Amino acid sequence: MAGPPDGGRSSGCGRAQTPSVGGPRPAAEDLPRAATHAFTSFDGTVIRYHVYEAEPAGTEPAGPPVVLHHGFVADTFTNWSAPGIVGALTARGHRVVGIDARGHGRSGKPHDSARYGEPAMARDLSALLDELGAEHVRLAGYSMGAVVSLLAAAADDRITRLVAGGVGAGIVEMGGLDTRAVPPEGIVAALTAEDPSAVGPEAAGFRALADAVGADRAALAAHAAAVHQGTMPLADVRVPVLVLAGDEDPLAVRPSVLVDALPDARLLTVPGDHVAAVGDPGFAAAIVDFFSEN
């Protein structure tokens, strides 16, 4: 998940807070265990992904696999496993696959911005489906991952249901993440600054989260310089979509605009900003319920 413009919920003095997932986290020993695999994508970048089997062990999976794509700076663990979303899905019998996007997590981290952008990540996602050999999948993406997932769903008919989380009118009006909240050049400057104390408050959350997770900041800056800002092929996303957003998320303002632009979409909001919403119990419950529908 990407840090919000103020790095978390704003304090009274308006200073950036260190990003964290809202709500109680499961204890580490209670988190599902994953088997990690890798493949080489179209341009030679190594992409790693994590497979969580349905629980209890030996359970026949409940329908097609659920594929999860995280947001900017985060990875499968911080966006989906630590907040309890993976565990909620596996407990309902779903086989879950989380992809670490290029530049993130355990995947390859080139420093050339020409190798980034959400269209490249959508190609990685389709390559993952090839790797899995899955005829159909259910897909959830958050923030950057929602942009990637919408692009993939418009072009790949193996995706049968989609959750687009942490996004709103920016998808329609800006062609991707809402850069009105935090301009990409501000994120690049924050990630490349030698002194983190010199980073402006609007992008300090991204820098704080990158430092907290030990991210490759040069790789993240390369992606930030290449974020998708073209027309989104929303009319081609013909599968059921759940738009899921925090009610105080500055990167997902007016999510009903996105719902209205999609052929078959519904909206659900949960309490929280861009970070805290993921930890709200209603967030995981909404995803599980949506993917459990026939």
Side-chain angles (χ1 to χ4, degrees), residues 1 21 23 25-39 47-71 74-101 104-107 121-122 124-146 148-150 152-153 156 158-166 239-242 244 268 270 277-294:
M1 89 212 105
V21 174
R25 292 187 179 194
E29 61 270 19
D30 295 331
L31 293 173
R33 295 186 178 274
T36 299
H37 307 272
F39 65 91
I47 302 297
R48 287 188 169 83
Y49 62 98
H50 314 280
V51 179
Y52 304 84
E53 298 298 342
E55 296 178 352
T59 299
E60 185 70 21
V66 171
V67 176
L68 304 175
H69 197 300
H70 60 80
D75 56 20
T76 296
F77 179 80
T78 55
N79 204 146
W80 301 112
S81 182
I85 299 163
V86 169
L89 286 162
T90 58
R92 284 283 290 270
H94 295 286
R95 185 173 189 249
V96 177
V97 181
I99 185 172
D100 283 353
H104 297 72
R106 297 179 63 183
S107 289
M121 293 177 177
D124 296 336
L125 189 54
S126 288
L128 170 63
L129 303 193
D130 293 340
E131 187 78 8
L132 295 174
E135 293 185 6
H136 301 291
V137 301
R138 301 158 186 172
L139 175 63
Y142 193 73
S143 193
M144 173 191 79
V148 174
S149 297
L150 286 162
D156 196 323
R158 291 174 291 185
I159 299 165
T160 59
R161 295 181 81 82
L162 172 63
V163 174
V239 299
V241 179
L242 172 64
L244 184 56
L268 181 67
V270 297
V278 180
D280 184 85
F283 188 92
I287 295 174
V288 172
D289 290 346
F290 183 68
F291 285 152
S292 298
E293 293 178 9
N294 293 325

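What you see is a predicted model; the values in this text were computed from it and never measured.
Under the side chain to side chain contact (heavy atoms under 4.5 Å, CB included) criterion, Leu268 pairs with Leu242, Leu244, Ala286, not counting sequence neighbours. Residues forming a side chain to side chain donor-acceptor pair (under 3.5 Å) with Glu131 (at least two apart in sequence, or on another chain): none. Not counting sequence neighbours, the partners of Arg92 by the salt bridge (charged side-chain N to carboxylate O under 4.0 Å, His left out) test are Asp289. For the side chain to side chain contact (heavy atoms under 4.5 Å, CB included) test, residues two or more places apart in sequence or in another chain that qualify with Ala38 are Val46, Arg48. Glu293 pairs by the side chain to side chain contact (heavy atoms under 4.5 Å, CB included) definition with Arg161, Arg266, Phe290, not counting sequence neighbours. Asp100 pairs by the salt bridge (charged side-chain N to carboxylate O under 4.0 Å, His left out) definition with nothing, not counting sequence neighbours. Residues meeting the ring pair (Phe, Tyr, Trp, His ring centres under 6.0 Å) test with His104, sequence neighbours left out: His70, Phe72. With sequence neighbours left out, Asp156 forms a side chain to side chain contact (heavy atoms under 4.5 Å, CB included) with Ser126, Leu129, Arg158, Ile159.
Taking 4.5 Å as the limit, some side-chain heavy atom of Leu132 sits within range of a side-chain heavy atom of Tyr49. Contact of the Glu53 side chain with the Pro32 side chain is not registered, since no non-hydrogen atoms from C-beta on lie closer than 4.5 Å. Under the 4.5 Å side-chain criterion, counting only non-hydrogen atoms from C-beta, Ser81 is in contact with Tyr52. Two residues are said to be in side-chain contact when any heavy atoms from C-beta on lie closer than 4.5 Å; Phe77 and Leu31 meet this criterion.
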Could you go through residues 133-140 and list every donor-acceptor pair under 3.5 Å that involves a side-chain atom there, pairing it with any protein atom two or more places apart or in another chain?
from	atom 1	to	atom 2	distance (Å)
Arg138	NH1	Ala62	O	3.4
Arg138	NH1	Phe291	O	2.5

